[in-house]
Number of protein chains: 2
Amino acid sequence: MNAPIKVVIIDDHNIVRRGLITLINLEDDIEVVADSDNGEEGRRLIMEYKPDVTVLDLSMPKGSGIDVMKKLKQHQSTTKIVVLTSISGSDILYSTLALGAKGLLSKDIDADELLTIIRKVQAGGEYIHPSISHQLTNLQSERFTQQALTRRESQVLGLIGKGLTNQAISDNLTISLKTVKTHVSHILSKLELNDRTQLAIYAIKNEVV
Amino acid sequence: MNAPIKVVIIDDHNIVRRGLITLINLEDDIEVVADSDNGEEGRRLIMEYKPDVTVLDLSMPKGSGIDVMKKLKQHQSTTKIVVLTSISGSDILYSTLALGAKGLLSKDIDADELLTIIRKVQAGGEYIHPSISHQLTNLQSERFTQQALTRRESQVLGLIGKGLTNQAISDNLTISLKTVKTHVSHILSKLELNDRTQLAIYAIKNEVV
DNA sequence: ATAAAAATCAGCCTTAGGTCTGATGTGAGC
DNA sequence: GCTCACATCAGACCTAAGGCTGATTTTTAT
């Protein structure tokens, strides 16, 4: 028999993490070697344990899942990433694929299903849960041409998502009101949205910080 | 030794549910007698099994946690409810307390902590997780005087949360633009917010439909 | 070194959003 | 019958928001 598949789990919900660990360790061909509730530590653990598969939650306080994936890509980590999420926003899902996630699934899947996916991904396969993939189909063509937001623009978008007015944002970032308006205008056209209300909704659903 | 504490679990995430069941069933003084992934079935299970404690998730597709609690209150159920949530909106949390939840905790607690809380609540105690209770302290005094939204106002708020303009809302509800503005104005003053962007954020965080 | 992208700001203009005051019809409750 | 909350609408008003054009400076990549 082969060595068991080494797995690292990164999720900020203790209960979810404990649940996953318990379930996975019931199997004898898969083993959880480490786990963490935040992105920073999680990244260190991956470097250290070099797991075959990493189960990664997207929404976390310190260092989001996206950040973790970016960093890992820089370091050319070979761990295969299965993204676990309840997020509905579509752009963030697309980002994970662009960053090379092998699996993509929502938190309401069966536990058995997760095990199957881990094995499949470890064997070199890919898997995207149907409830998520249908969100992506339309989007492939549309968003492909979409320019990414600059750092400043993301920052502004994040403040809009907190309900700040342009004036408040200008104070907050100590730049002129004009500049804020320019940024907002750019963000709107890049995301193909119509007003700041839709931006706020977008920001929340895609967890822009 | 006493009979084990009977628990019903209602949460739409399979993994969370399986995790909870596995963890709880490791204890010999607590027993999960039933579980469900939606509010409707969950309510039936509670009627049928009459559990001592119910662990209830707030955000679910069919019949939210709030609905379940309302129905149970009508039927004068004696099950003690522990609300499990990752929602940050404060009004919805306050609602759960008003509806008599005995426990209130976020999903990032320790598993052991949950067990302790179930025992405490069963014994007649109450528990609110610190990460949540601080959201409530300010609010007790402020929101007490807060008028509830009317049916129409909630409806309008819901559409704002979907990113509609006043004109679009007016078309959608087939009422005049003036009327929409009136409603929006009332909602703003009732919720003590400043503009529609903040309303949209509020609507999402409090899951206004 | 040079080109390209990002960040900054200004003026001008239009409109959606929001406030205030006030008015009318309707239904529930006392 | 009377009252009160609710939903509807109107006019007048003010401001934040966003579009468009154009410009300067800083950063970044090649």
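It should be emphasised that the depicted structure is a prediction, and the values quoted were computed from it without experimental measurement. Naming convention: chains lettered A, B, ... in sequence-line order (proteins, then strands); numbering from 1 in each chain.
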(request) Using atom CG of Leu191(B) as one end and atom P of dG18(C) as the other, report the distance to the nearest whole Å. (result) 13 Å

(message) Looking at Asp11(A) and Arg17(A), is any side-chain nitrogen of the basic one under 4.0 Å from a carboxylate oxygen of the acidic one?
(response) no

(request) Supply the atom-to-atom distance Asp12(A) CG to Asn38(A) CG, rounded to the nearest 0.5 angstrom. (result) 9.0 Å

(request) First locate atom OG of Ser189(A), then atom CG of Asn194(A), and finally report the distance between them rounded to the nearest 0.5 Å. (result) 11.5 Å

(request) Identify whether the distance between the nearest side-chain nitrogen and carboxylate oxygen of Glu126(B) and Lys120(B) falls below 4.0 Å. (result) no

(request) Starting at CD1 of Ile118(B), measure out to NZ of Lys102(B) and round the result to the nearest 0.5 Å. (result) 16.0 Å

(message) Under a 4.0 Å threshold between the charged nitrogen and the carboxylate oxygen, would Asp52(A) count as salt-bridged to Lys80(A)?
(response) no

(message) Under the criterion side-chain hydrogen bond (donor to acceptor under 3.5 Å, both in side chains), I'd like the reasoning laid out for Ser176(A) against Thr179(A): C-alpha separation, chi angles, the key distance, then a yes or no.
(response) CA-CA 5 Å; Ser176(A) 95; Thr179(A) 306; 3.2 Å; yes

(message) Distance check needed: dG17(C) C1' versus Arg196(A) CZ, whole Å only.
(response) 12 Å

(request) Would you tell me if any nitrogen or oxygen in the side chain of Asn166(B) comes within less than 4.0 Å of OP1 or OP2 on dG17(C)? (result) yes

(message) Pair Ile169(B), Ile160(B) - check side chain to side chain contact (heavy atoms under 4.5 Å, CB included), show working.
(response) CA-CA 8 Å; Ile169(B) 294 173; Ile160(B) 291 175; 3.8 Å; yes

(message) Working to the nearest 0.5 angstrom, can you tell me the gap between Ile15(B) CD1 and His13(A) NE2?
(response) 12.0 Å

(message) Within this structure, what is the CZ-CG distance for the pair Arg196(A) and Leu157(A), rounded to the nearest 0.5 Å?
(response) 10.5 Å

(request) Under 4.0 Å from any heavy atom of chain B: name the first and the last nucleotide of DNA chain D that qualifies, 5' to 3'. (result) dC6(D) to dA12(D)

(request) Figure out the CD1/C1' separation between Ile169(B) and dG17(C), and round it to whole Å. (result) 11 Å

(message) Can you tell me how far apart OG (Ser170(B)) and CG (Leu159(B)) are? Round to the nearest 0.5 Å.
(response) 11.0 Å

(request) Could you state the atom-to-atom distance from CG of Leu164(B) to P of dG17(C) in whole Å? (result) 10 Å

(request) Using a cut-off of strictly less than 4.0 Å between a heavy atom of the residue and any atom of DNA chain D, enumerate the qualifying residues of residues 174-184 of chain B by number. (result) Ile175(B), Ser176(B), Lys178(B), Thr179(B), Thr182(B), His183(B)

(message) So that I can compare with my own list, what are the stems of DNA chain D, taken as at least three consecutive Watson-Crick or G-U pairs with distances under 3.5 Å?
(response) C:1-30 with D:1-30

(request) Write down the distance between CD1 (Ile187(A)) and P (dA7(C)), rounded to a whole number of angstrom. (result) 10 Å

